[in-house]
Amino acid sequence: MEINIVFIVILIVILSAGFVSAGDIVHQDNVAPKRPGCANNFVLVKVPIWIDGLENTEYVGVGARFGPTLESKEKHANHTRLALADPPDCCSKPRNQLTGEVILVHRGNCSFTVKANVAEEAGASAILIINNQTELFKMVCESDADVNIKIPAVMLPQDAGSNLENYINNNTRVSVALYSPKRPAVDIAEVFLWLMAVGTILLASYWSAWTAREVAIEQDKLLKDASEEFLQVGSAGSSGFVDINTMSAVLFVVFASCFLVMLYKLMSFWFVEVLVVLFCIGGVEGLQMCLVALLSSFRWFQRFAESFIKVPFFGAVSHLTLAVCPFCIAFAVVWAVYRRISFAWIGQDILGIALIITVLQIVRIPNLKVGTVLLGCAFLYDIFWVFASKWLFHESVMIVVARGDRSGEDGIPMLLNIPRMFDPWGGYSVIGFGDIILPGLLVAFSLRYDWLANMNLRAGYFVWAMTAYGLGLLVTYVALNLMDGHGQPALLYIVPFTLGTFITLGKKRGDLKTLWTQGEPERPCPHLQLQPLQQKD
C-alpha cells in the first residue's frame, strides 16, 4: 500500500502546485489598441431572453472595446425588443426603420465600429453581433474608426445567435436585456475554502506530530532497556514515512514542469478520465488511512485494528482496514460516476482532504534546509507556469491545465472547490492541492519539532507557522479579488510568509542551526547516561 501512496503523492504534487482561482469576468487586455472612446475592458455580459413575454433562457456574450459601459444590475437593465438587421451584416443602412430596438447582426464584411455606427444612426438602442464560431471574439477599434459610439455592442456565440434568429423568423416576439454584474468583493466560498485549507493542515500536522512523538517515546524505551533489537525495530518503524532530501526537492521542479507540459499538450477528454481514475485511487487510500486511524482511537475497534490477515500482493492487512476499504472504494466510484452533478464537489473535497492529510502524514521534510529548497523551487515553478509561461505558449499553462481546457470537462479533479454561492456569475472558487501540501510539509515539521523539544504553543514554532500560512492564503484571496478573479499562483504569497517567518524566528531564538541541519532538538541517550557508583561496605 505504501508504494502506491508514494506514487500518488508524487503525481498529485506535480499536478496541483500553485493555483487559486475564482473565474475571471474582466479581461484587461494590454495588447489590443486603446485610445479615447475605445478603452473599455472586455467584460462578460449577461443576455437574458424573453419569448412572448415569458423568460426563456440566458446567454453570455462579451462587451466591445468601444461604446458605453453596461448596467451592473439586472433591475436597471431595460427589456428591449430584438430585431433582425436587413441587410444581416449591418454594413449599410437597414431597410427596416428602428425605434429603440436591439438589432441582431452577423459578423463580417465590415468592421465592428462601422456596424455599431450604422445601427446607432438607424435608431437602435444596442447591437448584438453574432460571431461566426462558438467562441467569443474581442471587438476592437481600427486606427481610423469613428469611436464616438453611444450604444453598447455585445458579441454572442454562433449557436446563441442562431437560436435567436430562429425565434424571430417564426414570428415570435423576442426581448432581451443587457447587463454585466460585478462579482462581490468577498464570496462566502472563499471563506470556507480558506477554513478548509487551514483546517486540513492543522489536522495533518497534529497527526504527524503525534506519530513522531510516539516513535520517539518508543525509541527512548528501547534505549533505556538497551534492547538488542533496537536497530531492527527502529528501521521497521520508519519504513512508513518518506523523507524528502535536497536532490528530490530540486528534481521536483524538473519533473513537475515536464509533466505539466505533457498535460498541456495532451489535454483531452480521455486524459482527464485517466486523471479521475488516478485521483480515485489516491482518494481511496487516503480516505481508508484516515478512517482506520480515526476508528482505531476507539476501544471498540482496537481489537480489529491490531489483528492482521495476509492478503496477496499487499502483505499483512488489519481486519479494520479490510472492513473500511469497500466503503472507501464505493464512495470514490459513486463520485466518479456522478461527478458532473451540482453537489459532486462535496465528494471531491472529502476525497481530496483525506488524500492531503495522508500525504502530510507520510511525506516529511527532515530539516529546514530541505524545506527551504523545496518551497523555494515550488515558488519559482508556480510563478513561471502561471505568469511567465504566457510568453512561450501565449496562455497560462497552469491555468489551462487546471481548468481542463480542450477536455470538455470543468477541470482536473486535483483541486478543492466550493461553488460561489452569492456570485451572480456562479462558478467555483478553487485551490490546488500543492498550495496545501507543500507549505503544509513545513507547518507539520514545525509542530513535530515543538513536541520533540517539549515546547508549549507560545514558545514553539507551530503557531507562528500556522498563522503565517493563514495570512499568506488570505493575501492570495485579496490579490485574487483585486485582479477580478484571474488565477493567482498562491505560493507566490504563501511561501514568503511561512518560510520567512520560520527562518526569522529561528534566527532570533538561536535555533536556526539546529532547525537547518538536524531538524530535531538534541535528546540525551538514556543508555549513555552515567550511573552513580555504589560504594561497597
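From a predicted model like this one, the values you see are computed outputs, not experimental measurements.
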| query | Quick one: does F343's side chain get under 4.5 Å of P419's, heavy atoms only? | reply | no
| field | Pair R107, N131: side-chain N/O donor-acceptor within cut-off below 3.5 Å | value | yes
| said: Do E142 and T113 pair up side chain to side chain, a donor and an acceptor below 3.5 Å, judged on atom types alone? | reply: yes
| message | For a 4.5 angstrom cut-off between non-hydrogen side-chain atoms, does L164 reach L82? | response | yes
| request: For the residue pair S429 and R420, confirm or rule out a side-chain donor-acceptor distance under 3.5 Å. | output: yes
| remark: Looking only at heavy atoms, the pair that brings P413 and L275 closest together is CG-O, 3.9 Å
| request: Flag the pair Y179 / S72 as yes when at least one side-chain heavy-atom distance between them is below 4.5 Å, and no otherwise. | output: no
| request: Flag the pair E395 and K390 as a salt bridge only when some basic side-chain nitrogen lies within less than 4.0 angstrom of an acidic carboxylate oxygen. | output: no
| said: L380 vs V253, test: side chain to side chain contact (heavy atoms under 4.5 Å, CB included). Steps then yes/no. | reply: CA-CA 9 Å; L380 298 174; V253 177; over 6 Å; no
| query | Counting only heavy atoms not in Y338, do more than 12 sit closer than 6.0 Å to its OH atom? | reply | no
| Just wondering, do R95 and P87 contact through their side chains at under 4.5 Å, heavy atoms? | yes
| Under 3.5 Å, is there a donor-acceptor pair between the side chain of W425 and the main chain of P181? | yes
| Is it the case that D159 and Y59 place a side-chain donor and acceptor less than 3.5 Å from each other? | no
| task | May I ask you to decide whether D52 forms a salt bridge with R173, counting only side-chain N to carboxylate O separations under 4.0 Å? | result | no
| Does P88 reach the side chain of V105, with side-chain heavy atoms less than 4.5 Å apart? | no
| Around atom CZ of F271, are there more than 12 heavy atoms of other residues, nucleotides or ligands at under 6.0 Å? | yes
| task | Evaluate the criterion side chain to side chain contact (heavy atoms under 4.5 Å, CB included) for residue pair C328 and L291; output intermediate values, then yes/no. | result | CA-CA 9 Å; C328 298; L291 288 177; 3.9 Å; yes
| request: Please check if the side chain of D187 supplies one atom and the backbone of A189 the other of a donor-acceptor pair under 3.5 Å. | output: yes
| message | I want to check something: taking the side chain as every heavy atom from C-beta on, are N163 and I49 in contact at a cut-off of under 4.5 Å? | response | no
| said: So, taking the atom named CZ in F255 and the one named OG in S248, what distance separates them when rounded to the nearest 0.5 Å? | reply: 10.5 Å
| field | Aromatic ring proximity F497/Y469, centre distance under 6.0 Å | value | no
| request: Might you confirm whether atom CH2 of W50 has over 12 heavy atoms from other residues, nucleotides or ligands at distances under 6.0 Å? | output: yes
| query | Just by distance, do the side chain of N117 and the backbone of D146 share a donor-acceptor pair under 3.5 Å? | reply | yes
| query | Do E165 and H106 get their side chains close enough for a donor-acceptor pair, meaning under 3.5 Å? | reply | yes
| task | Apply side chain to side chain contact (heavy atoms under 4.5 Å, CB included) to K115 and D89, showing your working. | result | CA-CA 8 Å; K115 295 178 188 291; D89 57 15; 3.8 Å; yes
| field | Main-chain N/O of P424 paired to K46 side chain as donor or acceptor, under 3.5 Å | value | yes
| query | With side chains defined as the heavy atoms from C-beta onward, is the minimum distance between I129 and L156 less than 4.5 Å? | reply | no
| field | Any side-chain donor near an acceptor of the partner, S257 and W385, under 3.5 Å | value | yes
| Distance-only, no hydrogens or angles: does the S162 side chain make a donor-acceptor pair with backbone N or O of Q158 under 3.5 Å? | yes
| field | Pair E120 + K93: basic N to acidic O under 4.0 Å | value | no
| task | Establish, yes or no, whether a centroid distance under 6.0 Å links the rings of F279 and W335. | result | yes
| Are Y493 and T498 close enough that some pair of their side-chain heavy atoms sits under 4.5 Å apart? | no
| task | Assess whether salt bridge (Lys or Arg N to Asp or Glu O under 4.0 Å) is satisfied between E121 and K150, documenting all intermediate values. | result | CA-CA 10 Å; E121 291 175 5; K150 299 296 189 298; over 6 Å; no
| request: For N56 and I51, indicate whether the former's side chain and the latter's backbone hold a donor-acceptor pair under 3.5 Å. | output: no
| field | Backbone N/O of T80 and side chain of E101: donor-acceptor pair under 3.5 Å | value | no
| For L84, does its backbone N or O pair with a side-chain atom of N96 as donor and acceptor, under 3.5 Å? | yes
| V475/L473 under side chain to side chain contact (heavy atoms under 4.5 Å, CB included): CA gap, chis, key distance, verdict | CA-CA 5 Å; V475 171; L473 188 57; over 6 Å; no
